[in-house]
Protein chains: 2
Amino acid sequence: MTRTHASNLPDQTEAVLRDFAVQSEGKTDYANCPVRDVLDRGGEKWTLLILVALAEEPKRFSALQRDVGDISKRMLTQTLRTLERDGLVERTVYPTKPPSVDYRLTALGRSALNPLASLIGWAAESHDEIRAARAEYDEREVVGAW
Amino acid sequence: MTRTHASNLPDQTEAVLRDFAVQSEGKTDYANCPVRDVLDRGGEKWTLLILVALAEEPKRFSALQRDVGDISKRMLTQTLRTLERDGLVERTVYPTKPPSVDYRLTALGRSALNPLASLIGWAAESHDEIRAARAEYDEREVVGAW
DNA sequence: AGGTATGGTCTCTTTCAGATACCTACTGAT
DNA sequence: ATCAGTAGGTATCTGAAAGAGACCATACCT
């Protein structure tokens with residue numbers, strides 16, 4: 001496997017990408033691709049926001065819904081179930097009346113915060129540049145249509 | 001803003017999460033949330049795979065389709081357009097007959113590889129643990145249903 | 001009696017991803 | 001000369017999934 005053409009990348013990044021490429025090589029066996037298996041869930045959109053919301057402290061269902069903002073109960077329940085099933089989040093029911101439930105990150109869930117923060121950091125840094133690129137692209141396309 | 005309860009996190013991770021939390025605080029104005037603006041695209045699933053495929057070298061449309069595996073032309077076109085619009089990928093048409101087109105990462109696109117590699121690395125490391133958690137969860141649920 | 005809060009589930013509608021067929025223009029093999 | 005194949009897509013259709021909103025049982029407060 002050759003070095004990427006983007007040779008200003010850190011060696012560690014290179015290595016991860018290389019491994020991933022090798023593993024994907026010519027396979028149709030995507031069921032065993034860890035990356036796809038882990039990240040392919042439709043819930044991705046809310047997953048990130050929920051994990052970040054829980055990073056600060058354990059939260060109850062309704063607190064989560066407030067913090068995430070515009071998520072519906074249905075999607076919140078569904079995403080939390082997936083996260084619980086994947087072992088990233090722990091659900092605890094307290095036998096009060098009415099019962100209260102809280103959600104907290106497991107050790108595995110906490111370990112996900114590092115890569116997620118890395119992604120969030122990149123998005124925040126790049127946001128202006130991306131918006132500029134979009135504006136330019138749209139300009140070109142609109143002009144091109146005339 | 002208090003420290004997260006997961007205090008074994010690197011300071012940098014803490015800082016990014018804290019900023020994100022502060023920024024999201026009580027807002028309904030999600031149009032200006034960089035993270036959501038950048039990551040909310042449905043294309044996320046294919047986006048990652050395409051960026052990784054292009055990390056190695058610029059590729060033509062059909063080469064990309066082969067490398068990514070089971071993506072349809074429609075989704076490939078669509079995802080590439082989004083990436084082009086966002087300034088992560090550059091599309092070049094060569095006036096051959098028939099015309100050939102290649103796609104390559106821009107500097108901005110290359111800068112995304114670091115956080116993506118971090119995410120891929122985490123997914124690869126955690127895959128076994130996640131699968132184990134799923135198996136256990138499913139076991140419990142099936143038993144619980146009886 | 002009416003309103004609040006808890007943590008959801010159920011149903012309905014709209015949106016979107018994915019599969020398939022098709023297109024123009026060219027090249028090479030039969 | 002013609003049939004197949006390549007290249008880079010677009011147009012159309014359908015099944016799955018996301019989102020909106022009503023509903024539920026229970027208990028507290030007024």
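Computed from heavy atoms alone, side chains included, the values below leave out hydrogens, waters and symmetry copies. Note that the structure is a prediction, hence the values are computed from the model and not measured.
- Put simply, the side chain of A/I50 does not reach to within 4.5 Å of the side chain of A/D67, judged on heavy atoms.
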Polar-atom pairs under 3.5 Å, protein N or O versus N or O of nucleotides 11-14 of chain D: list them with distances, or write none.
unit_1, atom_1, unit_2, atom_2, d
D/dT12, O4, B/R74, NE, 3.3

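- Counting only heavy atoms from C-beta outward, the side chains of A/S126 and B/L108 approach each other to under 4.5 Å.
- Atom CD in B/E84 sits about 14 Å away from atom P in D/dG8, given to the nearest Å.
- Only A/R91, A/P98, A/P99, listed by number, bring a heavy atom of residues 87-99 of chain A to less than 4.0 angstrom from any atom of DNA chain C.
- At whole-Å resolution of the value, OH in A/Y103 and P in C/dG7 are 8 Å apart.
- Here the nucleotide nearest the side chain of B/K73, chosen from C/dG7, C/dA17, D/dG9, is D/dG9.
- Between A/L54 and A/R104 the shortest side-chain heavy-atom distance does not fall below 4.5 Å.
- Which of C/dT20, C/dG8, D/dA7 sits closest to the side chain of B/S72 comes down to C/dT20.
- Between A/R81 and B/Y137 there is a side-chain heavy-atom pair separated by less than 4.5 Å.
- The nearest whole Å value for the distance from the CG atom in B/L76 to the C1' atom in D/dA7 is 13 Å.
- Applying the side chain to side chain contact (heavy atoms under 4.5 Å, CB included) criterion to B/N114, with sequence neighbours excluded, gives A/L9, A/P10, A/T13.
- Taking atom CG of A/D70 as the reference point, atom P of D/dA18 lies 15 Å away to the nearest angstrom.
- B/R66 places its CZ atom 9 Å from the P atom of D/dG8, with the value rounded to the nearest Å.
- Taking atom NZ of residue B/K59 and atom C1' of nucleotide D/dG8, one finds them 18 Å apart after rounding to whole Å.
- Residue A/M75 contributes atom CE, which lies 12 Å from atom C1' of D/dA20 at whole-angstrom precision.
- With sequence neighbours left out, B/R60 forms a side chain to side chain contact (heavy atoms under 4.5 Å, CB included) with B/S100, B/D102.
- Regarding A/I71, its CD1 atom lies at a distance of 15 Å from the P atom of C/dG7, rounded to whole Å.
- Phosphate proximity of D/dA7 to B/S100: absent, as no side-chain N or O sits under 4.0 Å from OP1 or OP2.
- Taking the side chain of A/W46 as heavy atoms from C-beta on, and the options D/dA7, C/dG7, D/dG19, the nearest nucleotide is D/dG19.
- At the phosphate of C/dG8, neither OP1 nor OP2 sits under 4.0 Å from any side-chain N or O atom of A/T77.
- By the salt bridge (charged side-chain N to carboxylate O under 4.0 Å, His left out) test, B/R134 pairs with A/D37, A/D86, sequence neighbours left out.
- Take B/A133 and apply the side chain to side chain contact (heavy atoms under 4.5 Å, CB included) test, not counting sequence neighbours, and it matches no residue.
- For the pair A/T79 (side chain) and A/T47 (backbone), a donor-acceptor distance under 3.5 Å is absent.
- Between B/L80 and A/Q78, the residue anchored nearer the 5' end of DNA chain D, judged by the nucleotide with its closest heavy atom, is B/L80.
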